[in-house]
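Letters A, B, ... are given to chains in the order of the sequence lines, protein chains preceding strands, and every chain is numbered from 1. As the structure is a prediction and not an experimental result, all values here were calculated from the model. Heavy atoms only: backbone and side chains are in, while hydrogens, waters and symmetry mates are out.
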Amino acid sequence: MNPSAGVPRITIAEAERYTGQSVRIAGWLYNLRKSGKIAFPLLRDGTGIIQCVAVKSALPEETFNAIRNLTQESSIIVSGKIRAEQRAPGGFEMDLEDIEVVQRVPEEHPYPITPKEHGIEFLMDHRHLWLRSRRQHAILKVRHEVIKAIRNFFDSNGFTLVDTPIFTPAACEGTTTLFEVDYFEDEKVYLTQSGQLYNEAAAMALGKVYCFGPTFRAEKSKTRRHLTEFWMVEPEMAYATLEDVKNLAEALVVFVVGRVLENRRQELEVLERDIAKLERIQAPFPRISYGQAIDILKSKGSEIEWGADFGNTDETILTEDQQRPLMVDRFPAGIKAFYFEPDSEHPEVVLGVDVLAPEGYGEIIGGGQRIHNLDLLVERLKAHNLPPEAFDWYLDLRRYGTVPHGGFGMGVERCVAWICGLEHVRETIGFPRMLYRTRP
RNA sequence: UCCUCAGUAGCUCAAUGGUAGAGCAUUCGGCUGUUAACCGAAGGGUUGUAGGUUCGAGUCCUACCUGAGGAGCCA
């Protein structure tokens with residue numbers, strides 16, 4: 001009979017509430033410090049880390065030896081009494097009374113990720129184990145909070161979730177390279193790069209909608225800001241103008257950052273994020289036009305000319321002295337997708353907006369107002385060398401009760417990388433898919 | 001796709017063209033309050049691959065492979 005069988009099982013996050021009580025905790029050995037007659041196993045269980053104390057004189061010899069001989073990441077269930085302790089990290093520790101070793105990691109194959117430094121190649125090869133580290137744990141918790149906040153924001157602001165297809169015929173926008181997939185006999189489909197076109201149809205049915213799912217880009221981008229598979233949330237609103245889109249994007253970013261500050265402060269501290277910088281993320285965000293951005297870039301020494309898209313260094317220059325995200329709108333038609341509504345006062349620019357995160361994190365949001373006039377849309381399709389017959393259903397939306405409408409897409413990984421203050425988006429998702437990495 | 005850099009013990013890194021080393025990890029021994037614990041000892045290597053230069057190559061040259069950073073493209 002296990003003497004601790006009747007003891008309540010708790011998580012480390014709840015430990016403080018059980019001070020003075022005997023409990024059981026199931027987890028993994030994070031680290032073990034030991035001397036001849038006392039040992040300090042650190043246990044993690046996914047909710048936190050707690051230090052246990054095993055004293056030789058207080059335990060059966062068999063139990064003490066089992067603890068002393070534990071290896072890193074062995075799965076164990078411990079029981080003992082929770083006690084406040086100044087010397088323990090976190091302020092609480094468990095006086096160990098009994099231990100059940102679920103699996104002892106054999107020393108012939110010790111846990112590869114030691115408490116010392118590792119290179120990125122090694123860590124990425126061991127991503128399935130790396131997730132157990134304190135830092136990766138914190139990032140995934142923040143990611144979850146960001147996603148939860150996004151859904152809360154839209155759900156409580158009158159939006160309906162309408163999932164859009166992953167398999168799509170041909171190009172959505174005709175710009176980026178897509179992943180091609182065999183679809184039964186003789187047919188090719190492509191992995192989605194955006195749900196926007198479908199969202200436009202859904203918005204005409206439900207008013208305000210959003211889709212939230214994975215997005216695929218077959219671009220051979222090899223930078224700290226790119227994944228081949230990433231998550232994007234895309235709201236779309238009927239009867240909306242560029243101004244409405246900008247206000248929505250601003251409100252979303254403020255809300256998401258606020259939620260992370262409210263619920264994930266501890267994780268931000270693990271990540272050593274400068275929290276003061278996040279606390280400054282309040283409306284209103286600075287708003288400039290593309291033309292003003294070009295003037296600023298030129299005044300700061302950039303070679304850029306009107307009509308060109310921003311490079312990464314341009315984005316950095318624009319945001320380097322910004323404390324809040326920067327909104328840039330009214331881009332030349334030539335550098336944006338076919339569906340952007342032209343500015344009625346300046347037809348050479350379109351009503352698109354990009355939101356650039358501070359601290360050099362680049363574009364986290366892109367969107368704008370869509371063309372609602374049928375003839376203009378057909379004209380733009382032709383100008384972009386896209387076959388109008390491939391967009392028959394999309395053009396229908398302009399035949400049956402067309403209205404001004406718009407929306408945007410926000411990249412979750414870039415957003416999480418910015419909020420967490422990470423060097424690279426590859427750490428913001430459980431198992432990143434990149435140009436030269438699809439395992440594990 | 002292009003440019004740059006790197007590849008040495010399980011991991012992180014040293015080594016003037018001249019006997020391949022250290023810390024961590026692992027094993028053994030010591031230690032009753034440790035904080036990436038500490039102290040002592042041991043085992044652990046076809047220096048990414050294939051050629052070449054040289055009396056002699058981890059080091060120099062060529063090609064290739066793998067990875068990283070950046071550019072372009074994009075969220």
If you look only at pairs with a residue in residues 132-156 of chain A, which of them pass as a ring-ring contact (aromatic ring centres under 6.0 Å, His included), with sequence neighbours excluded? A/Phe153-A/Phe255, A/Phe154-A/Phe159, A/Phe154-A/Tyr210

Which one, B/rC74, B/rG72, B/rA75, comes nearest to the side chain of A/Lys220? B/rG72

Under 4.0 Å, heavy atom to any atom of RNA chain B: which of residues 286-303 of chain A qualify? none

Should A/Arg83 be listed as having a side-chain N or O under 4.0 Å from OP1 or OP2 of B/rG33? no

Nearest-angstrom distance, P atom, B/rA9 to B/rG48: 8 Å

Aromatic ring proximity A/Phe338/A/Phe391, centre distance under 6.0 Å: yes

Looking at the base of B/rU26, is there any donor atom on it, or on the side chain of A/Thr71, that sits under 3.5 Å from an acceptor on the other one? no

For residues 306-314 of chain A, which side-chain donor-acceptor pairs fall under 3.5 Å, sequence neighbours excluded?
unit_1	atom_1	unit_2	atom_2	d
A/Asp314	OD1	A/Ser302	OG	3.0
A/Asp314	OD2	A/Gly311	N	2.8

Is there aromatic stacking of A/Phe230 against B/rA75, centre distance under 5.5 Å, plane angle under 30°? yes

Between B/rG70 and A/Asn312, is there an OP1 or OP2 to side-chain N/O distance shorter than 4.0 Å? no

Side chain of A/Arg87 only, please: which of B/rU1, B/rU34, B/rA75 is the nearest? B/rU34

Report which part of the nucleic acid A/Tyr111 touches: base, sugar-phosphate, or nothing (heavy-atom distance under 4.0 Å, all strands). nothing

Could you tell me how the ring of A/His126 sits relative to the ring of A/Phe122: parallel (under 30°), tilted (30 to 60°) or perpendicular (over 60°)? tilted

Please pick, from B/rA71, B/rU32, B/rU27, the nucleotide with the shortest atom-to-atom distance to any side-chain atom of A/Glu107. B/rU27

Any pair counted as ring-ring contact (aromatic ring centres under 6.0 Å, His included), so long as it reaches residues 77-100 of chain A, sequence neighbours left out: none

Rounded to whole angstroms, how far apart are CD on A/Gln72 and P on B/rC24? 15 Å

Once each nucleotide of nucleotides 4-13 of chain B is scored for protein heavy atoms under 4.0 Å, what B/S/- sequence comes out, 5' to 3'? -------SS-

Rounded interatomic separation in angstrom, taking CG from A/Leu32 and C1' from B/rU26: 14 Å

Rounding to an integer number of Å, can you tell me how far A/His226 NE2 sits from B/rG72 C1'? 10 Å

Just compare B/rU32, B/rA36, B/rA75 and give me whichever is closest to any side-chain atom of A/Ser35. B/rU32

Examine B/rA68: is either OP1 or OP2 under 4.0 Å from a nitrogen or oxygen in the side chain of A/Lys222? Give yes or no. yes

With the threshold set at under 4.0 Å for non-hydrogen atoms, list the residues of residues 353-369 of chain A touching RNA chain B in residue-number order. A/Glu363, A/Ile364, A/Ile365

Looking only at B/rG33, B/rA75, B/rG67, the nucleotide nearest the A/Val53 side chain is B/rG33

Side chain A/Glu108 and base B/rU26 donor-acceptor under 3.5 Å: no

For A/Gly46 and A/Lys141, the nearest pair of non-hydrogen atoms, with its separation, is O-CE, 4.3 Å

